[in-house]
Each structure stands twice: as C-alpha cells, then as structure tokens.
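Below is one structure, written out as structure tokens, with a few remarks after it.
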Amino acid sequence: MALEAIQTVTQAEARAKADREAAAAQAKQRLADAQREAKQTVEQARQKAREAARQMMAEAEDKAAQQTRAELERAAADCEALKRNARDRLEEAAQLIVGRVVER
C-alpha cells in the first residue's frame, strides 16, 4: 500500500511538473505572439503616418505651386502695365528731351 501511495504521489508530482512546464511554454508563446502583434501594430501605425506625411507634403507642394503660378501671373500683369504706361509716356518724354536740347 505504501508503494502504491508513493507511486501515486510520484505520478501526481510528474503531472504537476508537466502541467507547470506546459503552462510556462504556453505563457511564453502568448508573450511572443503579443510582442509580434504589437510590432505589427506599431509598423502599421508608422506606415500610416508615413503615408499621411507624404500626402500632406504633396498637398503642400501643390498649394505652393499654385501660389507661385498666381504670383508669377500677377508679376507678369504688373510688368505689362508698366510697359504700357512707359510706351504711352514715351512720346511725351521724347518731346521733353527735344524741348530741353533745343532750348540750350
């Protein structure tokens, strides 16, 4: 009877040890899985952030290009207005110069 009790205790200890080892392995696997999922989540967030940054840069570049074109068009229009004004006053300037040269 004592031998059976010792065998029963030994078997129970062996099962308990196997259960502890299985639980430890399972916990280790769950931790590894959680870490892998966390890395994937972080990488996805980084990818989304990179894409959002690219999108914002593209929009900013488009806006800057539109503003540049508008400013160049305004500058060209101002130049044309100055040229027209100068042409309109060219005859008057020539008369003034001729008048001063003749007076001397």
Side-chain angles (χ1 to χ4, degrees):
M1 185 92 166
L3 186 59
E4 287 180 23
I6 292 173
Q7 288 176 346
T8 303
V9 170
T10 303
Q11 290 172 354
E13 287 176 348
R15 281 193 302 267
K17 182 180 178 184
D19 289 346
R20 279 194 307 273
E21 289 173 355
Q26 188 178 19
K28 189 175 182 179
Q29 183 61 42
R30 285 182 181 176
L31 177 61
D33 291 345
Q35 288 174 334
R36 187 181 69 253
E37 288 177 23
K39 286 180 183 178
Q40 288 174 346
T41 301
V42 168
E43 184 55 35
Q44 288 172 351
R46 284 184 180 151
Q47 183 63 28
K48 285 181 182 179
R50 282 191 290 267
E51 184 59 36
R54 273 193 288 270
Q55 182 67 27
M56 288 177 5
M57 286 298 295
E59 289 172 5
E61 287 173 356
D62 287 345
K63 186 175 181 180
Q66 290 172 357
Q67 289 174 341
T68 300
R69 281 191 296 273
E71 192 59 37
L72 287 173
E73 289 172 3
R74 270 193 295 273
D78 289 346
C79 286
E80 283 303 314
L82 289 171
K83 286 179 187 178
R84 278 193 306 275
N85 189 19
R87 283 188 200 112
D88 292 345
R89 297 179 65 191
L90 185 61
E91 183 64 32
E92 181 183 331
Q95 294 284 338
L96 182 64
I97 293 170
V98 169
R100 286 189 180 172
V101 169
V102 171
E103 287 178 6
R104 290 185 181 189

Could you check Arg36 against Gln40 for side-chain contact (heavy atoms from CB on, under 4.5 Å), going step by step and ending with a plain yes or no? CA-CA 6 Å; Arg36 187 181 69 253; Gln40 288 174 346; 4.2 Å; yes
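- Here the NZ-CG distance, from Lys83 to Asp78, works out to 12.0 Å after rounding to the nearest 0.5 Å.
- Atom CD of Glu61 sits about 11.5 Å away from atom OG1 of Thr68, to the nearest 0.5 Å.
- Other residues, nucleotides and ligands contribute only 12 or fewer heavy atoms inside 6.0 Å of the CZ atom of Arg30.
- No side-chain donor from either of Asp62 and Gln66 sits under 3.5 Å from a side-chain acceptor of the other.
- Heavy atoms from other residues, nucleotides or ligands lying under 6.0 Å from CZ of Arg50 number more than 12.
- Remark: the Glu43 side chain and the Gln47 side chain contain no N/O donor-acceptor pair separated by less than 3.5 Å.
- For the atom pair Glu4 CD and Ile6 CD1, the distance stands at 11.0 Å (nearest 0.5 Å).
- In this structure, Arg20 does not pair ionically with Glu13, as no charged nitrogen and carboxylate oxygen lie closer than 4.0 Å.
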Could you give me the CA-CA distance, side-chain angles and deciding distance for Gln55 and Glu59, then say whether side chain to side chain donor-acceptor pair (under 3.5 Å) is met? CA-CA 6 Å; Gln55 182 67 27; Glu59 289 172 5; 3.1 Å; yes
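- Atom CZ in Arg15 sits 10.5 Å away from atom OG1 in Thr10 (nearest 0.5 Å).
- Annotation: the span from Thr8 atom OG1 to Leu3 atom CG amounts to 9.5 Å, rounded to 0.5 Å.
- Taking the charged nitrogens against the carboxylate oxygens, Glu51 and Lys48 have no contact shorter than 4.0 Å, which rules out a salt bridge.
- Note: Gln11 CD to Gln7 CD = 6.5 Å, rounded to the nearest 0.5 Å.
- Checking Glu91 against Gln95 by side-chain atom types alone, a donor-acceptor pair falls below 3.5 Å.
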Please lay out, stage by stage, how Leu31 and Lys28 fare under the test side-chain contact (heavy atoms from CB on, under 4.5 Å). CA-CA 5 Å; Leu31 177 61; Lys28 189 175 182 179; 5.7 Å; no
